[in-house]
Amino acid sequence: MSVANSLMAGRIVEEGLFPYPRLRDKDREVLGMMLEAIDQFLAPRHRDFKQWDRESAQPAELIQGLRDLGLFGLIIPEEHGGLGLSNAGYARVLSQSSSHDSSVSLTFGAHSSIGMKGILLFGTAEQRSRYLPKLASGEMIAAFCLTESGAGSDAASIRTHAEKNPDGTWTLNGEKIWITNGGIADLYTVFARTASDAGKISAFLVEARWPGVSHGPHEDKMGIRASSTTTVSFADVRVPAENVLDAEGKGFKVAMAILNNGRTGLGGGAVGGMKSLIALATQQAHGRKQFGEPIANFGLIREKIAQMTLECFAAESVVWMVAHYIDEGLGDYSVEAAISKVYASEAIQRGTYEALQIAAGSGFMREYPYEKAARDARILTIFEGTNEVLRLYIALSGLKDLGKTLGELRIAIDDIFNHPIKGFGVLADYAEKRLSQATGVGRDKILGKIPPQLREAAGIYEKYTVELAKAADFLLRKYGKSIAGRQHALKRVADITVDLFVGLCVLSRATSLAGHSRNPGDVGSQALAIAQVFARQARRRMAHNVRRIERNEDDEMDSLAGFILDQGRYPWDIIA
Ligand SMILES: Cc1cc2nc3c(=O)[nH]c(=O)nc-3n(C[C@H](O)[C@H](O)[C@H](O)COP(=O)(O)OP(=O)(O)OC[C@H]3O[C@@H](n4cnc5c(N)ncnc54)[C@H](O)[C@@H]3O)c2cc1C
């Protein structure tokens, strides 16, 4: 069971969380040079980024600069001409570039995170040697083509299809929408329904230069405006047999594996964005005087800066923990990856809101960077899986995994569904057992590893891990298999899981930084303070969510939504 799913069974898998992972030495070496080169290349272009945002275009000169920096080959192995960075190192690069401009990050990020990732994960030796060197140099830019007009979150309902010809080649037809790099890519990873085997999905590597491949105009977007987003169409495109990625019919698995593996890129970018917002906010707070003093002196401004910092630290902690899971080759990290995406993408939305609020009127003016930052960050809760769908995935995946836990207890999950009384309290008992372990051997194990200042925080996570297991038990008993349709409840389960997993990552990281704490003004001590405050804030959110599992207004809210959906409008007016 994965670290996150274990939480729902009342278990904190310490070995999956402690000690906090370190970047590989080889990554540090590459990053040392790379981060500086990125700053040198991007820092003088901040005015240009604004202009390109307005014009909704990225000039060829910029893309050539990204090629020259080696940014298209970050995660491609050295034997194929890339830099061979780990996921953790790659996410750090995206963090650096995103502190300058999100569209730039997206251009090489979508190429690596999703565009050509399928070749790295599933490519044959021949596909790898044919494409990776060109992808590493940026001679070929890649894009990921899954979404269609009728298939967004429900990706399995795509209509693009490929038919096998007698000579083994495929004929591909269909249209994809909102494809990042659509207008500049040379290689597309395309997902299509294959006529054989009841219309299963297969993944294909399709070159842009092949007859029948075309793309639409650059979309006029709210944010990340300079990055290329277009439709991509396939009209009777002949795809060679050797361009099927993984096995025929395995395309859906390929798509999900790519998206899961790519999530730390998005998370790393969000962290970079937050870091630059914090720098801007402190500058503004020091520079702006009102009522005769810098606004940095006001409690409400200081609270915003502290909260942004705390959330940036938390996002950083969870993103790099997940990157480490990926680099370590952990079997299944999909739930943890989803958690990192949900947390980081929402933390940066709160961060852009507060940074803009600190700058106030100036923040609203296009002359300043805040409004662009807010527009650019908005996409992060939408693409690569909406946060709603990811929350459902986090909750349902954990609940499903509980079947295995119950198997471990020699009780079939069906017993809970079929005989609610018989199954009564099984998980709660299990969780209590875990708690007694935690307060005995287990507790000593965790507490032995963390500094005394963080014991309260550890206690909070132990308590709410048990509460989560009890809540899961209650929901399974109450709703049985129909729990899949109880989205209000699933959201609460997901939110508790997010708080627990992110909080434990923070705890682990602060523990590893505690050794650097000498006085209250240093980064080690402040990291300890962050971990303490995060745990208390998380406790309040978790307590609220636990309470609302049983006592809530879900039925009333559902009924109100139904009423308004029927009306099609807000029906009250003070005139009437
Ligand atoms: C700028 C941009 C770049 C993109 N780049 C790419 C790309 O490179 N490649 C690619 O393939 N796609 C790309 N996409 C598409 C993106 O991944 C989709 O927009 C996303 O998957 C959501 O699909 P949708 O917009 O159709 O929303 P919908 O699926 O229609 O969802 C609408 C709303 O309903 C919610 N919802 C949907 N299903 C459920 C459910 N079961 N339960 C509860 N709520 C639900 C959603 O969370 C959302 O709030 C991009 C999109 C944008 C805007």
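Residue numbers count from 1 along this sequence. Order of appearance sets the numbers: ligands from 1, and atoms from 1 within every ligand. As the structure is a computational prediction, the values presented were derived from the model and not from experiment.
Under the 4.5 Å side-chain criterion, counting only non-hydrogen atoms from C-beta, Arg225 is in contact with Asp220.
Each of the atoms 10 (C), 11 (O), 12 (N), 13 (C), 14 (N), 15 (C), 16 (C), 17 (O) of ligand 1 lies under 4.0 Å from some heavy atom of Thr147. Each of the atoms 1 (C), 2 (C), 52 (C), 53 (C) of ligand 1 lies under 4.0 Å from some heavy atom of Ile379. With ligand atoms numbered from 1 in the order given, ligand 1 contributes 7 (C), 8 (O), 9 (N), 10 (C), 11 (O) to contacts under 4.0 Å with heavy atoms of Phe144.
Within the 4.0 angstrom cut-off, atom 29 (O) of ligand 1 has one or more protein heavy-atom neighbours. Of the protein's heavy atoms, at least one falls inside 4.0 Å of atom 5 (N) of ligand 1. Remark: atom 33 (C) of ligand 1 lies closer than 4.0 Å to no protein heavy atom. Within a 4.0 Å radius of atom 53 (C) of ligand 1, the protein contributes at least one heavy atom.
No more than 12 heavy atoms of other residues, nucleotides or ligands shown are found within 6.0 angstrom of NZ on Lys250.
Of the options Glu148, Arg225, Glu219, Gln487, the smallest heavy-atom separation from atom 42 (N) of ligand 1 is shown by Gln487. Between the choices Tyr393, Trp178, Tyr188, Phe191, the shortest heavy-atom distance to atom 19 (O) of ligand 1 belongs to Trp178. In the candidate list Leu392, Thr386, Thr381, Ile177, Thr386 is nearest to atom 46 (C) of ligand 1, counting heavy atoms.
Using modelled atom types, one finds no donor on one side chain facing an acceptor on the other under 3.5 Å when comparing Arg130 with Gln127. Checked by atom type, the side-chain pair Thr107/Gln58 shows a donor-acceptor distance below 3.5 Å.
Between Trp210 and Arg238 the shortest heavy-atom distance is CE3-O, 3.8 Å.
Under the 3.5 Å distance criterion, the side-chain polar atoms of Glu354 are left unmatched by any main-chain donor or acceptor of Met308. With hydrogens and angles disregarded, no donor-acceptor distance shorter than 3.5 Å links the side chain of Lys372 to the backbone of Phe49.
Considering backbone and side-chain N/O of Thr229, none are found under 3.5 Å from N/O of ligand 1. In terms of N/O distances under 3.5 Å, ligand 1 is not approached by Ile114. Polar contact check, Glu388 against ligand 1: a nitrogen or oxygen pair lies under 3.5 Å apart.
Every pair tested for ring pair (Phe, Tyr, Trp, His ring centres under 6.0 Å) that includes a residue from residues 242-271 fails, sequence neighbours excluded, so the list is empty.
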